[in-house]
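A quick note: this is a predicted structure, and the numbers were derived from the prediction, not measured. Proteins come first, then strands; the chains are lettered A, B, ... in the order of their sequence lines, and each starts at number 1. Hydrogens, waters and symmetry mates play no part in the numbers below; they use all other heavy atoms, side chains included.
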Number of protein chains: 2
Amino acid sequence: MGLTKSEIFTDEQNQLSTLLKAIAHPARIAILQRIMISNTCICGDLVGELGLAQATISQHLRELKTAGIIQGTVEGVSVCYCINPKTWKSLEEQLGVFLRSYKGETACC
Amino acid sequence: MGLTKSEIFTDEQNQLSTLLKAIAHPARIAILQRIMISNTCICGDLVGELGLAQATISQHLRELKTAGIIQGTVEGVSVCYCINPKTWKSLEEQLGVFLRSYKGETACC
DNA sequence: ATTGTATATTGCAATATTACGATATTTAAA
DNA sequence: TTTAAATATCGTAATATTGCAATATACAAT
């Protein structure tokens, strides 16, 4: 079908997978790294630095924004994007719980 | 196009996004949680517990296996899957570096 | 060898994602 | 108010993902 059956999973599972999907693309990882380094970033800079078209980068930015991972404010003719601290913290926490629930001592196979 | 331009990104970015994509699905998160809880798990159990068809679960398991996140050994007629500790640690590290590179103090927008 | 059980693979339909050119929108400056 | 610059949106093509029925494969027990 091509359509995830979200209704059979918990809210936590759906929420975490949505956040992960948003960052599970090299371009979006690169964008986030760039934003974190300068703690501010405009779309035009990214177009120069990554090798993707302006429309494509704008689209990736929108996906990150829709997921709540970044937020943007208009600065004259350009837009300043930065990390949304709340979502970032939430992602860190959810991922921490998930990753740390593996106790690696006793591998079974 | 529908095809990620991997060649313009670093190996680190591509590697992390590949691992993230593998776990960025509620069914695969549920499968991993189930594997971690019992530290052993066979496909049949999952078919009973999640609401997905056997073929679908088998497919998700294969994706996790291809990404190196789980490994499986044949146990008679069934298969025992468990976390691949090496990949799991690598994911924890890569994600840790990525997530912690955000210094939340000075939000700009 | 045949049967039953467990998992994998194949083939397919529906939907989602990625990328980009073309165009729209928005704002600042001339 | 025209022009230029920066982003956003639309439309579209190519590819990927999700899910499942049907079938294949592998093994254990009879």
Taking [Y]'s backbone N and O only, do any of them form a donor-acceptor pair with [X]'s side chain (distance below 3.5 Å, no angle check)?
X: A:Ser58; Y: A:Gln54; result: no
X: B:Asn14; Y: B:Ser6; result: yes
X: A:Ser38; Y: A:Arg34; result: yes
X: B:Asp45; Y: B:Cys41; result: no
X: A:Trp88; Y: A:Ile69; result: no

task: Show the numbers, then the answer: is there a side chain to side chain contact (heavy atoms under 4.5 Å, CB included) between B:Gln33 and A:Gln13?
output: CA-CA 10 Å; B:Gln33 288 174 329; A:Gln13 288 163 344; 2.7 Å; yes
task: Walk me through it: do B:Leu64 and B:Ile35 pass the test side chain to side chain contact (heavy atoms under 4.5 Å, CB included)?
output: CA-CA 12 Å; B:Leu64 289 169; B:Ile35 290 181; 5.7 Å; no
message: What's A:Glu63 touching, base or sugar-phosphate or nothing? Going by heavy atoms closer than 4.0 Å.
response: sugar-phosphate
Please list, for nucleotides 1-8 of chain D, all pairs of protein and nucleotide N/O atoms separated by less than 3.5 Å.
unit_1, atom_1, unit_2, atom_2, d
D:dT7, OP2, A:Gly44, N, 2.6
D:dA8, OP1, A:Tyr81, OH, 2.5
D:dA8, OP2, A:Ser58, OG, 3.0
D:dA8, N7, A:Gln54, NE2, 2.8
D:dA8, N6, A:Gln54, OE1, 3.0

For [X] and [N], what is the distance between atoms [atom1] and [atom2] respectively, to the nearest whole Å?
X: B:Leu46; N: C:dA8; atom1: CG; atom2: C1'; value: 15 Å
X: B:Ile8; N: C:dT18; atom1: CD1; atom2: P; value: 13 Å
X: B:Leu50; N: D:dT18; atom1: CG; atom2: C1'; value: 15 Å
X: B:Leu64; N: D:dT18; atom1: CG; atom2: P; value: 11 Å
X: B:Glu49; N: C:dA6; atom1: CD; atom2: P; value: 14 Å
X: A:Leu3; N: C:dA16; atom1: CG; atom2: P; value: 6 Å

message: Does D:dG19 have OP1 or OP2 under 4.0 Å away from a side-chain N or O of B:His60?
response: yes
- prompt: Is the phosphate of C:dT18, meaning OP1 or OP2, less than 4.0 Å from a side-chain N or O of B:Thr4?
  reply: no
task: Decide yes or no on side chain to side chain contact (heavy atoms under 4.5 Å, CB included) for A:Leu46 and A:Leu61, but give the supporting numbers first.
output: CA-CA 10 Å; A:Leu46 291 167; A:Leu61 285 167; 4.3 Å; yes
task: Note down the inter-axis angle between the two ends of the helix from C:dA1-D:dT30 to C:dA30-D:dT1, five pairs each, to the nearest 10°.
output: 10°
field: Options D:dT17, C:dT17, D:dC20, nucleotide nearest the side-chain atoms of B:Lys21
entry: D:dT17
message: Please verify the inter-ring angle class for B:His25 with B:His60; under 30° counts as parallel, over 60° as perpendicular, anything in between as tilted.
response: tilted
For B:Leu52 against B:Ala27, the heavy-atom pair lying closest together: CD1-CB, 3.7 Å
field: Considering all heavy atoms, the nearest A:Ala22-A:Arg28 contact
entry: O-NE, 2.5 Å
message: If you assign each of A:Leu52 and B:Gln59 to its closest nucleotide in DNA chain C, which residue comes earlier from the 5' end?
response: B:Gln59
field: From CA spacing to verdict: side chain to side chain contact (heavy atoms under 4.5 Å, CB included), B:Ile42, B:Tyr81
entry: CA-CA 6 Å; B:Ile42 54 176; B:Tyr81 283 107; over 6 Å; no
message: On DNA chain D, does the nearest nucleotide to A:Phe9 precede the nearest nucleotide to A:Thr56 from the 5' side, or the other way round? Give the residue.
response: A:Thr56
- line: Note: contacts of residues 22-36 of chain A with DNA chain C (heavy atom, under 4.0 Å) are A:His25, A:Arg28
